[in-house]
Amino acid sequence: MNVMDHPVFRRFWYPVMPLDQLRDGPRGFVLLGQPLVLFVDEEGAPAALEDRCCHRTAQLSLGDVCDGKVACPYHGWRYDRAGQCVHIPQMPDRDPGPRRRVAAYHCASRYGYAWVALDTPLFDIPAIPEAAEPDFELIQEFYEEWRVAGLRVMENELDMAHPSYVHLGTFGSPEHLVAEDAEITEFEGGFHYTGRLGVTQAHHAQQDRNERFLDCSWYAPFVCRLRIDYADGGPAHVIVNCQVPIDHGRSQVVQFCLQQDDGSGFDREALLAFDRKVTLEDKRILESTDPDMPLDPRGEKHMESDKPGLVMRRMMQRLLDEHALADA
């Protein structure tokens with residue numbers, strides 16, 4: 001599957017830019033091959049426009065923000081969040097008119113990121129329940145480009161057969177090859193997954209042996225929430241992994257976590273270091289995979305523990321088929 005071949009991928013929200021990175025001016029990003037400029041408007045809300053001035057095509061992301069408008073670096077034309085040119089310095093007393101404008105895109109803030117949808121979104125930005133709970137702290141973890149297809153990473157997040165090989169340096173146990181009591185419940189635009197997996201180490205302690213209780217949600221196409229609780233108690237750890245499609249075979253990895261604080265505090269640096277090591281173990285393998293991931297189950301061989309990935313592929317194929325017919 002090539003995300004660039006299917007217009008429906010333009011109809012999802014993606015966390016394209018940390019809000020912190022917009023404090024000092026506009027920033028550029030490429031989403032599904034579309035160059036964007038992101039900036040903060042006069043209300044303090046993020047905005048996303050086509051990264052081309054309608055005058056002489058200079059990149060707006062090289063300019064500045066003036067009174068909540070993005071200003072072109074070439075001749076200073078200013079655009080509001082709707083893409084309308086509102087000021088031309090060389091003609092200060094003239095209305096630029098409705099024809100002087102650039103494309104504007106859906107943009108909203110959530111979880112410390114500017115989220116963008118290139119066309120009318122099919123679903124809302126996923127609601128992460130722990131983000132509204134007072135005993136959880138949201139921690140920004142990783143924002144980096146990987147040479148991998150987003151759906152490969154989503155499948156990996158819910159593949160409980162790989163830790164006993166890929167994650168032996170962190171939590172993987174060679175004695176626990178698959179998840180126990182795994183169950184999947186589908187909902188519109190995703191599914192819920194539960195199970196338990198034996199591991200060698202918990203996030204909050206250094207036990208020789210432990211067991212994770214998994215409470216996960218996948219939101220089409222590229223957002224996965226993974227909540228981890230432990231058999232012996234202790235605070236929960238929630239990982240939210242998002243894959244932002246730059247183009248075919250390139251994704252921006254966005255990961256943040258929500259750590260429960262039971263009142264005793266936790267070592268933030270140790271937590272980040274542990275998740276960083278786990279993520280790099282995954283990256284080494286995932287960047288070796290073929291980005292042209294087949295949705296047809298006959299395209300690759302499978303085993304029983306692959307069920308979450310197969311459900312994901314089936315749901316994505318159905319979505320693509322429905323919208324291909326609608327667009328025909």
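Atoms considered below: every heavy atom in the structure, side chains included; atoms not considered: hydrogens, waters and symmetry mates. Computed from a prediction, not measured in an experiment: that's the story for all the values here.
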| task | With sequence neighbours left out, write down each residue that passes side chain to side chain donor-acceptor pair (under 3.5 Å) with T279, or none if nothing qualifies. | result |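 With neighbours one apart ignored, the set is empty.
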| query | Listed by chain and number, what are the side chain to side chain donor-acceptor pair (under 3.5 Å) partners of S61, not counting sequence neighbours? | reply |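 Partners of S61 by the side chain to side chain donor-acceptor pair (under 3.5 Å) criterion, ordered by chain and then number, come out as D51.
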| task | For Q259 and E137, run side-chain hydrogen bond (donor to acceptor under 3.5 Å, both in side chains): C-alpha distance rounded to whole Å, both residues' side-chain angles, the deciding distance at 0.1 Å, then the answer. | result | CA-CA 5 Å; Q259 179 61 38; E137 179 180 341; over 6 Å; no
Is there a donor-acceptor pair under 3.5 Å between the side chain of [X] and the backbone N or O of [Y]?
{"X": "D306", "Y": "G309", "answer": "no"}
{"X": "H302", "Y": "E300", "answer": "yes"}
{"X": "Q252", "Y": "P15", "answer": "no"}
{"X": "T200", "Y": "F171", "answer": "yes"}
{"X": "H6", "Y": "V3", "answer": "no"}
{"X": "W146", "Y": "A149", "answer": "no"}
{"X": "Q243", "Y": "G150", "answer": "no"}

Does the distance from a Lys or Arg side-chain N to an Asp or Glu carboxylate O, for [X] and [Y], drop under 4.0 Å?
{"X": "R314", "Y": "E186", "result": "yes"}
{"X": "E42", "Y": "R81", "result": "no"}
{"X": "R196", "Y": "E183", "result": "no"}
{"X": "E50", "Y": "R101", "result": "no"}

Non-hydrogen atoms of [X] and [Y] that approach each other most closely:
{"X": "L22", "Y": "L38", "value": "CD2-O, 3.6 Å"}
{"X": "D119", "Y": "H106", "value": "O-CD2, 3.4 Å"}
{"X": "A114", "Y": "C107", "value": "CB-SG, 4.3 Å"}
{"X": "W13", "Y": "A108", "value": "CZ3-N, 3.8 Å"}

| Worked check of side-chain contact (heavy atoms from CB on, under 4.5 Å) between I139 and L258 | CA-CA 6 Å; I139 303 169; L258 296 111; over 6 Å; no
Solution key, residues 62-79 side-chain donor-acceptor pairs under 3.5 Å, sequence neighbours excluded:
from, atom 1, to, atom 2, distance (Å)
K69, NZ, D67, O, 3.4
H75, ND1, H55, ND1, 3.2
Y79, OH, C54, N, 3.1

| Student check: side-chain heavy atoms of Y105 and L49 closer than 4.5 Å |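 Not in contact.
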| Going from OG on S173 to CG on L197, what distance comes out if it is rounded to the nearest 0.5 angstrom? |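 So the gap between those two atoms works out to 8.0 Å.
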| request: For D24, check salt bridge (Lys or Arg N to Asp or Glu O under 4.0 Å) against everything at least two apart and list the hits. | output: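 Counting only residues at least two positions away or on another chain, D24 forms no salt bridge (Lys or Arg N to Asp or Glu O under 4.0 Å).
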Per-pair distances, 0.1 Å, donor-acceptor, side chain in residues 187-194, under 3.5 Å, sequence neighbours excluded:
from, atom 1, to, atom 2, distance (Å)
H192, ND1, C216, O, 2.9
H192, ND1, S217, OG, 3.2
H192, NE2, D215, OD1, 3.1

| request: Any chance you could lay out the salt bridge (Lys or Arg N to Asp or Glu O under 4.0 Å) test for D247 and R250, step after step, and finish with the verdict? | output: CA-CA 5 Å; D247 53 30; R250 289 196 302 156; 2.7 Å; yes
| request: Give the intermediate values and the outcome of side-chain hydrogen bond (donor to acceptor under 3.5 Å, both in side chains) for residues T170 and E281. | output: CA-CA 9 Å; T170 48; E281 289 172 338; 2.8 Å; yes
| task | Write out all pairs satisfying side chain to side chain donor-acceptor pair (under 3.5 Å) with one or both partners inside residues 283-292, taking only residues at least two apart or from two chains. | result |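 The answer is none; no pair qualifies.
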| said: Is it the case that atom CZ in R147 sees more than 12 heavy atoms from other parts of the structure closer than 6.0 Å? | reply: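 Check fails, neighbour count at 12 or below.
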| query | What orientation do F12 and F9 show, parallel under 30°, tilted 30 to 60°, or perpendicular over 60°? | reply |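 Answer is tilted, since the angle falls between 30° and 60°.
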| request: Examine I184 and L214 and state if one hydrophobic cluster contains both, with Ile, Leu, Val, Met, Phe, Trp and Tyr joined whenever side-chain heavy atoms are less than 4.5 Å apart. | output: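 Result: yes, single cluster for both.
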